[in-house]
Amino acid sequence: MSAPIDISGLRKTFGSTVALDSLDLTVKAGEIHGFLGPNGSGKSTTIRVLLGLLRADGGTVRLLGGRPWEDAPALHRRLAYVPGDVSLWPNLTGGEAIDLLGRARGGIDEGRRAELLERFDLDPSKKGRTYSKGNRQKVALVAALASDVELLLLDEPTSGLDPLMERQFNEVISENRREGQSVLLSSHILTEVEALCDHVSIIKAGRVVESGTLAQLRHLTRTQVAATLRTPPPADFAALAGVHDLHVVGTRLTCQVDASGLSELLVRLAALGVDTLSSSPPTLEELFLRHYDERV
Amino acid sequence: MNATVAQTRRATDTASRYAATGLLIRLALRQSRALYVTWIAALTLTTVATVLAYERVVPPGANAELTMAALGGNPTMRAMLGPPFDLMNPGGFTMWRVGTFVAAALAWMAAFGVIRATRAEEEDGRLELLRAGAVGRRAPLTAAVLVAAAACLCTGVFIAVSLTAAAPPARSALAVGLGIALVGLVGAGIGAVTAQVSESARGARGLASAALGAAYLMRAVADGSAEASGLRPLAWLSPLEWAALARPYAAERWWVLVLPLALAVSLVWLGFRLESVRDHGAGLRSAGQGPARGAAGLSGVVGLAVRLHRSSLIGWAAGVAVFAVAMGSLSDAFSTMVSDLPELAEIFRRMGGGAQDLREAFYVAMLGLIVIVLAMLGVQVLGTLRREEERGHAELLLSTAVPRRGLALSHIVPAIAAPTVLMAICGALLGLNEALGAGSVEPMGRVAWAGLVLTPGVWVCVGVAMVLHGWLPQHAGLAWALVGWSLFVAWIGAVLGLPDWLRSATPFAALPTLPVESMDWIAVLLHTALAVVFVAVGLAGYRRRNIGGG
Ligand SMILES: Nc1ncnc2c1ncn2[C@@H]1O[C@H](COP(=O)(O)OP(=O)(O)OP(=O)(O)O)[C@@H](O)[C@H]1O
Ligand SMILES: [Mg+2]
């Protein structure tokens, strides 16, 4: 079976703005794929191209084995979409909007709809314009999750949800994964990405700059090391391959080290004699900040 | 001592309620100046062009007075234009021919301008951002009303100055300009009130249009009814008539102008009162609960389109039906009169009346007006397609199995069908009175058919709107220019003596006006075909362009 999403060399420009510049992205079947990147890097644009709302200027895009622009309505029966900023019809209630969107997709699972309303604690009888932001978001989530589809395209789906509801969302997505649903999840909430995603792609200025499992990404980044040594380290220590930000105060040493240089560093430290040693993997935040930051 | 403190506090309170009004005025000007400048220019030019055309329209000679009297006594003309006072003077003629129309258009502009700067901004959440700053509670409405009032005043000044030059005395010219400006101000007041009542800008515009339409209808019925009729004095109840009732160029009654001023001030005051008792973002009535489940019919774009258009279409249907019945009731006032004055026949032709049978001329004039109003309905219904896209609803719907063509058609079909059906109903109701008198339904069918023959023009307007939406969505508003142009040509194209090619450059000009002209199937079919082509071209563009982005 082919990958639900397979993009290669995708290019999209708006006038002189290059929104997507040779973007490659593959989401495998049954995978929850985190899609991260700084503001304006092209996440929403990619998802809109996948939905056939924007026409690609170059590259190939396969969605569920079809072409997103040409086969749009047929493909959409097999996927559901949640935008990050949901605007509801002012004179339709939330329940009506859920039914409308579900039926327009080709059907809605009644039991699932009731269950999700319960779990997300959503009152479906309010008028669209009277919902709070988080509750508007829940309407779109229930409409999307209540359909039996193969693929979810989620563009910052939890923006505005309270932590309790966010946990509900994580649980629902995890359950769906067991049924083989694939998900492309664009998000700025790192804990959500860490909790849910098998695979992460980081996009910057319209290009995927990093893609892999979280473990792989961690591997690409530096470990923080702090040690108290028996003898002060020699001056050439800073020149060790992969060692950065070295600080030495007497026998106390702190530094960051690339995964490739870690073994070498440990051997050298052991030779000097180690009293205490602590090493911590980079936090997720450090990991992403490094990728987001232009200067790195 | 205490009194001084209280006074100071009151002064500060007042100041703080209006804080940043200047800033909001600049913002309203920045956002709406193109709109206002277009309106001011169009209305001033309309007036100037009419006064300059006077010599051409009214032939010098012995019969001039007689023809003008016959013209002014013609109930169709009276119903459409208002009461004539002194038609032998270019200024008086201009006031009669376009004065009330310009005043009504100005009122409409002012009402929409106020709604645009207040309720529309509030609905889109932008006013909330501003109000969170050091912006007084009353500042937005104050700024909106001041800007609209300034626009009305500008129009009045331009008109007064140009009439002073073209048709002295200056005193009378001033009466025209002032009357028109003050009626415009009433429109600003109507906008200030309706913007508080409805929680959506669309609802507020509907209410304001209904109020202005009712005022126009009231004066039309009053002016069009027979001289002895008890309905005549009703004209005094219509604010749109007050500029004319001040009798510019015919022994001015200045005191009449106090009426629009007083009404405008009261309406604005009421607007502020209402605003102070409602919540930001809310209307006067708080929104209730609704059904938790979508009815079985709400299962796709068709069901959604029904929900989106239902209430507005009901309002339109009721409005035009009342208009048609009321105007139709005037047909009693007409006896079939064939004039033996050749000048009169000629002048009717130039005035755009056409037929010499007064009743038929009346039907033709009314249908010609109604069809353009219904073209506005068509363009407005189609505009929903754009609004739905701007608000992100199109994106949500197109992420489901809805095809683009289906989404577009769900608005194209009502944009074509609703005006067509309403035109037939209007025509039938217009002929209702005659039918009752004749004891036969034939007049209803005849007038309805005469109306239907004009509807391909509406379809062409909708087609143009669809082409714009499909290919140049950011310029979709241009469709309104086409409708506005059609109205302009229908209203004074003949008077101005515009060249034929210009006058026929509207979607309605080439269609036959039954029964004055004979049926022209070729024109009807050509317009229909043109509309079909436009819709198809628009659809093709819509299906190949980006949604929700340039
Ligand atoms: N319709 C449009 N017209 C012009 N430029 C656009 C349009 N839509 C997006 N862009 C530009 O494309 C780039 C990518 O935007 P996009 O919305 O995809 O970013 P994003 O990654 O979703 O950002 P965020 O995290 O803020 O949601 C931005 O530079 C944006 O300004
Ligand atoms: Mg985005």
Side-chain angles (χ1 to χ4, degrees), chain A residues 12 14-15 17 19 44-45 47-55 69 72-83 85-108 110 113 117 122-130 140 143-144 147 153, chain B residues 123-125 198-203 279 281-283 286-305 307-312 384 387-407 410 543-550:
Chain A
K12 177 72 197 170
F14 296 104
T17 313
S44 301
T45 304
I47 291 178
R48 291 208 174 101
V49 170
L50 284 170
L51 285 169
L53 296 170
L54 304 179
R55 192 196 270 275
W69 180 270
L75 292 177
H76 292 177
R77 291 180 185 281
R78 298 159 57 195
L79 62 82
Y81 165 61
V82 180
D85 192 5
V86 178
S87 145
L88 296 175
W89 290 271
N91 54 350
L92 257 55
T93 63
E96 287 178 310
I98 292 172
D99 286 339
L100 171 68
L101 291 170
R103 289 167 187 168
R105 192 173 290 120
I108 190 162
E110 292 296 337
R113 179 188 188 276
L117 283 178
L122 179 69
D123 174 1
S125 52
K126 280 192 169 170
K127 286 277 163 76
R129 66 157 67 84
T130 66
S147 308
L153 297 176
Chain B
E123 192 182 17
D124 292 344
S198 171
E199 57 199 358
S200 72
R202 191 164 170 227
D279 295 332
S286 56
Q289 302 268 97
R293 296 302 314 251
L298 187 65
S299 60
V301 286
V302 176
L304 178 64
R307 285 294 295 273
L308 290 179
H309 296 303
R310 192 171 55 192
S311 53
S312 135
T384 312
R387 267 196 309 282
E388 285 280 284
E389 183 173 336
E390 281 169 356
R391 298 193 171 164
H393 300 162
E395 182 175 317
L396 269 180
L397 286 170
L398 291 174
S399 80
T400 70
V402 168
R404 288 191 186 199
R405 188 178 26 201
L407 180 59
S410 77
R543 292 181 68 192
R544 65 180 299 286
R545 75 168 167 83
N546 295 331
I547 295 292

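Scope of the values below: all heavy atoms of this structure, side chains included, with no hydrogens, waters or symmetry mates. So that the names make sense, note that chain A is the first sequence line, chain B the second, and so on, each numbered from 1.
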**Report entry** Exercise: identify the closest heavy-atom pair between A:E96 and B:P291
**Finding:** OE2-CG, 3.5 Å
**Report entry** Salt bridge present between B:E199 and A:K127 (N-O < 4.0 angstrom)
**Finding:** no
Requested in this report: State, to 0.1 Å, how close B:G294 and A:D99 come at their nearest heavy-atom pair, and which atoms those are.
Outcome: N-OD2, 2.6 Å
Query raised in the report: When heavy-atom pairs shorter than 4.5 Å are enumerated against chain A, which of B:R293, B:E395, B:Q289 gives the highest number?
Result: B:R293
Requested in this report: For residues A:T93 and B:G290, report the shortest heavy-atom separation together with the two atoms involved.
Outcome: CG2-CA, 3.4 Å
Query raised in the report: Between CG of A:L101 and OG1 of B:T400, what distance do you get to the nearest 0.5 Å?
Result: 6.5 Å
Requested in this report: Inspect the surroundings of CZ in A:R55 and state if more than 12 heavy atoms from other residues, nucleotides or ligands are less than 6.0 Å away.
Outcome: yes
Report task. Determine the minimum heavy-atom distance between A:N91 and B:R307, stating which atoms define it. Result -> O-NH2, 3.1 Å
**Report entry** Segment of A:D85 engaging chain B (4.5 angstrom heavy-atom cut-off)
**Finding:** neither
Query - Among the listed options A:L88, A:L79, A:L153, A:L51, the residue most often paired with chain B at heavy-atom distances under 4.5 Å - result: A:L88
Report task. Under 4.5 Å, counting heavy-atom pairs only, tell me which of A:A72, A:S125, A:P83, A:A74 racks up the most with chain B. Result -> A:S125
Report task. Could you walk me through whether A:K12 and B:N546 pass the side-chain contact (heavy atoms from CB on, under 4.5 Å) test, one step at a time? Result -> CA-CA 11 Å; A:K12 177 72 197 170; B:N546 295 331; 3.0 Å; yes
**Report entry** Top of B:R404, B:R391, B:E388 for chain A proximity - count of heavy-atom pairs under 4.5 angstrom
**Finding:** B:R404
**Report entry** Face-on cation placement of B:R387 at A:W89 ring, 6.0 Å and 45° thresholds
**Finding:** no
Query raised in the report: Can you say whether A:L92 sits under 4.5 Å from chain B via the side chain, the backbone, both, or neither, judging by heavy atoms?
Result: both
Report task. Determine whether A:L100 and B:S299 make a side-chain contact, defined as any pair of heavy atoms from C-beta on separated by less than 4.5 Å. Result -> no
Requested in this report: Using distance alone, with no hydrogens and no angle criterion, decide if B:H393 and A:S87 have a side-chain donor and acceptor under 3.5 Å apart.
Outcome: yes
Report summary line: Residues B:A401 and A:P73: closest non-hydrogen pair is O-CB, 3.3 Å
**Report entry** Contacting moiety of B:A282, where chain A heavy atoms sit under 4.5 Å
**Finding:** neither
**Report entry** Contacting region of A:R113 [heavy-atom separation from chain B under 4.5 Å]
**Finding:** side chain
